[in-house]
Number of protein chains: 2
Amino acid sequence: MLQLDNQACFPLYALSREIINHYRPLLDELDLTYPQYLVMMVLWESQPQTVNQLGGRLLLDSGTLTPLLKRLEQKGLISRTRRSSDERVVEISLTIDGVDLKSSAIDIPGKVMQSMNVTLEELTELRNVARKLLAKTNRGCTSAGKTE
Amino acid sequence: MLQLDNQACFPLYALSREIINHYRPLLDELDLTYPQYLVMMVLWESQPQTVNQLGGRLLLDSGTLTPLLKRLEQKGLISRTRRSSDERVVEISLTIDGVDLKSSAIDIPGKVMQSMNVTLEELTELRNVARKLLAKTNRGCTSAGKTE
DNA sequence: AGATAATACATTGTGCGCAATATTATTTCG
DNA sequence: CGAAATAATATTGCGCACAATGTATTATCT
């Protein structure tokens with residue numbers, strides 16, 4: 001019928017923005033945007049990582065990441081250094097401040113859940129549905145998933 | 001654990017972008033962006049609508065909509081006219097071309113489903129989960145739903 | 001080794017999203 | 001009625017996303 005409510009994509013698009021809006025006041029305290037927070041989270045998991053590795057994990061290209069990483073560098077949270085054995089590659093490492101920021105971020109997911117007034121079950125359901133479809137449409141890209 | 005894969009928001013954020021990326025080549029043929037397509041869809045349902053009404057439906061504010069609507073106007077798909085009985089309000093109507101474009105858009109959802117290689121059941125599940133959470137976090141805003 | 005291709009990142013330009021603020025028009029209230 | 005409050009849209013500025021292109025650097029292939 002080509003109606004907004006019949007589309008699967010619109011609720012997804014709207015909900016994604018809505019959730020990020022709930023992150024915003026919490027991330028403001030850390031002086032991070034949501035994409036910057038994602039990059040930091042990936043680096044808190046494993047470090048250092050190349051721009052390519054970050055992009056593979058977050059499904060973002062250098063056109064998005066390069067300026068974002070420069071901003072994180074300016075904030076003193078990361079360092080960007082060319083790999084000596086391959087000057088094409090830029091390795092992203094956390095600074096002390098970058099590592100330390102994790103402790104301030106640790107309670108953000110809980111607070112977001114609370115402010116959105118949703119249960120863990122609902123979020124888990126959402127996550128599973130989204131991950132399933134993401135895996136289908138994005139063959140291989142998230143494959144670096146030795147995270148668990 | 002503050003890991004990317006534990007977050008509900010990241011798969012949602014990534015999947016939302018991923019789906020929109022599948023819309024892109026199809027929308028390119030209509031010279032529409034995804035948000036522009038959403039606005040057109042809302043107008044195809046009901047017309048005319050004020051900027052506020054569109055924003056309430058799509059959860060977007062005038063800071064996003066005003067320039068977007070100007071671009072749709074430039075393309076000759078909509079007209080923007082101040083309501084004479086209340087000069088604050090801008091009414092958005094479809095032009096003939098705007099109405100006609102619907103027939104070219106009618107088969108987009110099916111093509112997207114196909115290109116993403118997902119089933120209708122999966123999309124329905126995704127839509128229902130997303131709508132449920134959207135309704136919870138967004139009390140009242142989608143209430144203008146006389147669309148069914 | 002030298003040309004060609006491939007790789008990794010950077011740059012440019014466009015269009016969102018959103019906060020903050022401005023502008024104009026209407027309501028409300030004393 | 002006139003001032004203050006409210007409402008609807010517009011403007012400005014910043015940071016993504018993404019396409020297209022550019023620039024080094026490394027790999028490949030005679």
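Proteins come first, then strands; the chains are lettered A, B, ... in the order of their sequence lines, and each starts at number 1.
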Taking the side chain from A/W44 and the backbone from A/L101, do they hold a donor-acceptor pair closer than 3.5 Å?
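No; judged by distance alone, with no hydrogens or angles, the pair does not exist.
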
Whole-Å distance separating the [atom1] atom of [X] from the [atom2] atom of [N]:
X	N	atom1	atom2	answer
B/L58	C/dC18	CG	P	11 Å
A/N21	C/dC16	CG	C1'	14 Å
A/N52	C/dC9	CG	P	5 Å
B/R88	C/dT26	CZ	P	7 Å
B/D86	C/dA25	CG	C1'	7 Å
A/L54	C/dA8	CG	C1'	13 Å
B/Y13	C/dC16	OH	P	17 Å
B/L60	C/dA19	CG	C1'	14 Å

Mind listing the residues from [range] sitting with a heavy atom below 4.0 Å of DNA chain C? Number order is fine.
range	answer
residues 75-83 of chain B	none
residues 64-73 of chain A	A/T66, A/K70
residues 25-44 of chain A	none

Are the side chains of A/I20 and B/C9 in touch, meaning some heavy atoms are under 4.5 Å apart?
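SC-SC contact between A/I20 and B/C9 confirmed.
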
Could you tabulate the donor-acceptor pairs under 3.5 Å formed by side-chain atoms of residues 87-94 of chain B, not counting sequence neighbours?
residue: B/R88; atom: NE; partner: B/D86; partner atom: OD1; Å: 3.1
residue: B/R88; atom: NH2; partner: B/D86; partner atom: OD2; Å: 3.0
residue: B/E91; atom: OE2; partner: B/R83; partner atom: NE; Å: 3.0
residue: B/E91; atom: OE2; partner: B/R83; partner atom: NH2; Å: 2.7

Is the number of heavy atoms from other residues, nucleotides or ligands under 6.0 Å of A/Q47 CD greater than 12?
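Enclosed: over 12 neighbouring heavy atoms sit under 6.0 Å from CD of A/Q47.
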
Residues that [X] engages under side chain to side chain donor-acceptor pair (under 3.5 Å), provided they are two or more places apart:
X	value
B/R24	B/N21
A/K75	A/Q36
A/S115	A/H22
B/E73	B/R80

May I have the list of side-chain donor-acceptor pairs in residues 125-135 of chain B shorter than 3.5 Å, sequence neighbours left out?
residue: B/E125; atom: OE1; partner: A/K132; partner atom: NZ; Å: 3.2
residue: B/R127; atom: NH1; partner: A/N6; partner atom: O; Å: 3.4
residue: B/N128; atom: ND2; partner: B/T124; partner atom: O; Å: 3.3
residue: B/R131; atom: NH1; partner: A/D5; partner atom: O; Å: 2.7
residue: B/K132; atom: NZ; partner: A/E125; partner atom: OE1; Å: 3.3

Atom pairs under 3.5 Å, N or O on each side, protein against nucleotides 20-23 of chain C: can you list them with distances?
none

Going by the salt bridge (Lys or Arg N to Asp or Glu O under 4.0 Å) test, which pairs reach into residues 94-110 of chain B, not counting sequence neighbours?
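Those involving residues 94-110 of chain B are B/D107-B/K111.
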
Toward the 5' end of DNA chain C, by each residue's nearest nucleotide, A/V90 or A/R24
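This one resolves to A/V90.
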
Mind telling me whether A/Y37 and A/Y23 have parallel, tilted or perpendicular rings, with 30° and 60° as the class edges?
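The rings of A/Y23 and A/Y37 sit tilted, inter-plane angle from 30° to 60°.
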
At their closest point, which heavy atom of [X] faces which heavy atom of [Y], and how far apart are they?
X	Y	answer
A/A8	B/L123	CB-O, 3.6 Å
B/G76	B/T95	O-OG1, 2.5 Å
B/L60	A/R17	CD2-NH2, 3.1 Å

Are A/L120 and B/L12 connected into the same hydrophobic cluster when the rule is that any two of I, L, V, M, F, W, Y join if their side-chain heavy atoms are below 4.5 Å apart?
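Hydrophobic grouping puts B/L12 with A/L120.
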
Would you compute the distance between atom CD1 of B/I78 and atom CD of B/Q49 and round it to the nearest 0.5 angstrom?
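The distance works out to 11.5 Å.
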
Leading and trailing nucleotides of DNA chain D with any atom under 4.0 Å from heavy atoms of chain A:
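Taking any atom under 4.0 Å from a heavy atom of chain A, the span is D/dG15 to D/dT26.
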
